[in-house]
Peer 1: 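Mind looking over this structure? Questions follow.
Just so it is clear: chains get the letters A, B, ... in the order the sequence lines come, proteins before strands, and each one is counted from 1.
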Protein chains: 2
Amino acid sequence: MYAQASAKIELPSYVQSPAPVSEGPTTPVTFFSSGAEIYAQGEKAGALYQVEFGAVRIYRLLADGRRQISAFHMAGETFGFEADATHHFFAEAINATGVRVFRTPSGTDMSRQLLPLALKGLTRAQEHLLVLGRQNAIERVAAFLVEMSERQGGLRQVELPMSRNDIGDYLGLTIETVSRVFTRLKEKGVIRLLNLRSIEILKRDTLLAMGE
Amino acid sequence: MYAQASAKIELPSYVQSPAPVSEGPTTPVTFFSSGAEIYAQGEKAGALYQVEFGAVRIYRLLADGRRQISAFHMAGETFGFEADATHHFFAEAINATGVRVFRTPSGTDMSRQLLPLALKGLTRAQEHLLVLGRQNAIERVAAFLVEMSERQGGLRQVELPMSRNDIGDYLGLTIETVSRVFTRLKEKGVIRLLNLRSIEILKRDTLLAMGE
DNA sequence: CGCAGTTTTGACGAAGTTCAAGCACAGTGG
DNA sequence: CCACTGTGCTTGAACTTCGTCAAAACTGCG
């Protein structure tokens, strides 16, 4: 069930109780409203962030404003680790979002916990490179919908917490192209739009084949 | 100086003595000839590979043969670590290449050594996402040349160990487009081709501005 | 109910791909 | 030593896909 209106904060059905990154006294949850910056490129890094509910976009900008979203993070996922002491990307809340911030005491060795997360992120980024480098618009959107579906437990109904603009900037497409592809997929009977932010997958196999 | 013909194996000028990943008795160097497979997607992972000389391409394929190279690895660099027990990519020698293979004894915790490598790789992959998602052909090639130059110590002369085909598959372009962009950069006096595999950067600032 | 922002749709143009041909260079053998 | 051949690179012309610009339609919210 999709949480409707009982609370001020949107709680999509795919929210799970994530395993905390570290033990000990529970870190309080920090709230970010839609569009709020969590950290900026160039800022000093050091903390770890775990999404409690909501969604986060990680992105970079070119001087003229072009934006590339390199990842979305949903409930349960951890982000914010960097190769050096500086953030190389921006992190923003897409919607009202709750995040647990873990300030790791300097001198603590977190590599055992961090390595699997970093490797998971690396694999995802490399797979996304294939999408951006070698797939066309339909294939990209299909791959995206499959990815979102799988990250939400493989359900027919998929919630898209982000705007068409975000999807475009994630897939290296314009919002118009994203919109046109959605229309084409609807016409082909592959998906159905329940509302702007949630779709239903009608032909999973076709979608999978398109996204490779 | 570029090693000419004294040995059978090409030893580009930018070969450095890499720091070994692990201590102890020196692991022997395994040789791969041009195009030889180091590992394949789907194979069991577990070893670490450090390039001694030569160059390696990491890539993925789509069912119809489209290829995306996600990374090149040059002398001194380590690759081969994965998020799970399986390789998700192919690794091939671009030229005659020497690789030290470290079979990590099961039960050994390498996370302290691996984490910085994984994070470095993650940052590079994410930066490459920006190139593939949001930059046009000239910007991609410019960014590539700058990257190669910096990885070789920022010299004016840059050796390209890979073919135009490899460059295309790394930048998400066809070989024809890569070639045309090289021609344009020559016409603008930004670069000069010494031979097919080595270029000289004449206007570094212009190239940097183009690649952002 | 009406407004603002987002999404969709349409017409057009530019960038890059495809297909095809020609060129350059290294290696081979006469 | 030079022609021959193969491979990789460059160039050209036609075509396709996606981006741009503009306008209309829709959604959600006050």
Side-chain angles (χ1 to χ4, degrees), chain A residues 2 4-5 8 10 33-35 62 64-68 94-96 131-142 144 159-188 191-199 210, chain B residues 2 4-5 8 10 33-35 57 62 64-68 94-96 131-142 144 160-188 191-199 210:
Chain A
Y2 194 78
Q4 284 294 1
K8 281 133 213 143
E10 208 174 275
S33 52
S34 181
L62 290 171
D64 60 4
R66 280 175 288 176
R67 182 179 71 156
Q68 177 63 41
I94 292 176
N95 292 312
V131 175
L132 295 190
R134 286 295 175 218
Q135 296 197 286
N136 63 27
I138 308 197
E139 292 171 331
R140 292 185 201 199
V141 172
F144 169 72
E159 306 300 326
L160 305 178
M162 69 292 286
S163 67
R164 299 285 184 276
N165 216 315
D166 286 338
I167 298 174
D169 284 352
Y170 179 66
L171 297 178
L173 300 170
T174 60
I175 115 181
E176 291 95 330
T177 301
V178 172
S179 182
R180 280 186 250 267
V181 171
F182 269 81
T183 305
R184 278 220 266 163
L185 291 174
K186 276 188 290 182
E187 286 167 358
K188 286 189 173 185
I191 61 168
R192 195 161 73 89
L193 255 68
L194 304 176
N195 64 59
L196 282 180
R197 295 289 172 96
S198 72
I199 66 143
M210 285 174 155
Chain B
Y2 196 79
Q4 285 293 2
K8 280 134 215 140
E10 210 173 273
S33 52
S34 182
R57 58 178 168 249
L62 291 172
D64 60 3
R66 282 175 288 176
R67 182 179 70 158
Q68 178 62 42
I94 293 176
N95 292 311
V131 174
L132 295 189
R134 285 298 176 214
Q135 296 199 285
N136 63 26
I138 307 195
E139 292 170 329
R140 292 184 201 200
V141 172
F144 170 72
L160 305 177
M162 69 293 285
S163 67
R164 297 284 184 276
N165 218 313
D166 286 338
I167 298 175
D169 284 352
Y170 179 63
L171 296 178
L173 300 170
T174 59
I175 120 179
E176 292 95 331
T177 301
V178 172
S179 181
R180 281 185 248 267
V181 171
F182 270 81
T183 306
R184 279 218 267 164
L185 290 174
K186 276 188 289 183
E187 285 168 357
K188 287 189 176 186
I191 61 168
R192 196 161 72 88
L193 256 68
L194 305 175
N195 64 60
L196 281 180
R197 294 289 173 97
S198 72
I199 66 141
M210 283 172 155

Peer 1: Measure CG/B:Leu171 against C1'/C:dA15 and give the value in whole Å, please.
Peer 2: 16 Å
Peer 1: Only counting residues at least two apart or in another chain, list the ones meeting ring-ring contact (aromatic ring centres under 6.0 Å, His included) with A:Phe182.
Peer 2: none
Peer 1: Between B:Leu132 and B:Leu171, which heavy-atom pair has the shortest distance, and what is it?
Peer 2: CD2-O, 3.2 Å
Peer 1: Does B:Asn165 have any side chain to side chain contact (heavy atoms under 4.5 Å, CB included) partners at least two apart in sequence or in another chain, and if so, which?
Peer 2: B:Arg67, B:Ser163, B:Asp169, B:Ile175
Peer 1: Are the side chain of A:Ser34 and the backbone of A:Ile94 linked by a donor-acceptor contact shorter than 3.5 Å?
Peer 2: yes
Peer 1: Using whole Å, report how far CG of A:Asp166 lies from C1' of C:dG5.
Peer 2: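 Rounded to the whole Å, the gap is 14 Å.
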Peer 1: Please give the angle, rounded to 10 degrees, between the axes at the start and the end of the helix from C:dC1-D:dG30 to C:dG30-D:dC1, where five pairs define each axis.
Peer 2: 30°
Peer 1: In B/S/- notation, 5' to 3', how is nucleotides 23-30 of chain D contacted by protein heavy atoms closer than 4.0 Å?
Peer 2: ----S---
Peer 1: Measure CG/B:Asn165 against P/D:dC9 and give the value in whole Å, please.
Peer 2: 7 Å
Peer 1: Under the side-chain contact (heavy atoms from CB on, under 4.5 Å) rule, what do A:Val181 and A:Arg140 come out as? Steps first, then yes or no, please.
Peer 2: CA-CA 10 Å; A:Val181 171; A:Arg140 292 185 201 199; over 6 Å; no
Peer 1: Reckon A:Leu193 touches a base, only the sugar-phosphate, or nothing at all at heavy-atom distances under 4.0 Å?
Peer 2: sugar-phosphate
Peer 1: Any non-hydrogen side-chain atom of A:Leu160 less than 4.5 Å from a side-chain atom of A:Phe144?
Peer 2: yes
Peer 1: Determine the minimum heavy-atom distance between A:Gly168 and A:Val178, stating which atoms define it.
Peer 2: CA-CG2, 3.7 Å
Peer 1: For residues 191-199 of chain B, dump all side-chain donor-acceptor pairs below 3.5 Å to protein atoms at least two apart in sequence or in another chain.
Peer 2:
| residue | atom | partner | partner atom | Å |
| --- | --- | --- | --- | --- |
| B:Arg192 | NE | B:Glu200 | OE1 | 3.2 |
| B:Arg192 | NH2 | B:Glu200 | OE1 | 2.7 |
| B:Asn195 | OD1 | B:Arg197 | N | 2.8 |
| B:Asn195 | OD1 | B:Ser198 | N | 3.3 |
| B:Asn195 | ND2 | B:Ser198 | OG | 3.3 |
| B:Arg197 | NH1 | B:Pro161 | O | 3.1 |

Peer 1: In whole Å, I'd like the distance from the CE atom of A:Met162 to the P atom of C:dT6.
Peer 2: 16 Å
Peer 1: Which pair of heavy atoms, one from A:Gln68 and one from B:Arg134, lies closest together, and at what distance?
Peer 2: OE1-CG, 3.6 Å
Peer 1: Check whether any side-chain heavy atom of B:Ile138 sits under 4.5 Å from a side-chain heavy atom of B:Leu185, and report yes or no.
Peer 2: yes
Peer 1: For the pair made of CD1 in A:Ile199 and C1' in C:dT8, what is the distance, rounded to whole Å?
Peer 2: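 Interatomic distance, CD1 of A:Ile199 to C1' of C:dT8: 17 Å.
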Peer 1: Given the rule in the side-chain contact (heavy atoms from CB on, under 4.5 Å) test, do B:Gln135 and A:Leu62 qualify, once you have shown the distances and angles that lead to the verdict?
Peer 2: CA-CA 9 Å; B:Gln135 296 199 285; A:Leu62 290 171; 3.9 Å; yes
Peer 1: Would you mind building the protein contact string for nucleotides 11-19 of chain D? One character per nucleotide, 5' to 3', B for base within reach (heavy atoms under 4.0 Å), S for sugar-phosphate only, - for untouched.
Peer 2: BBB----SS
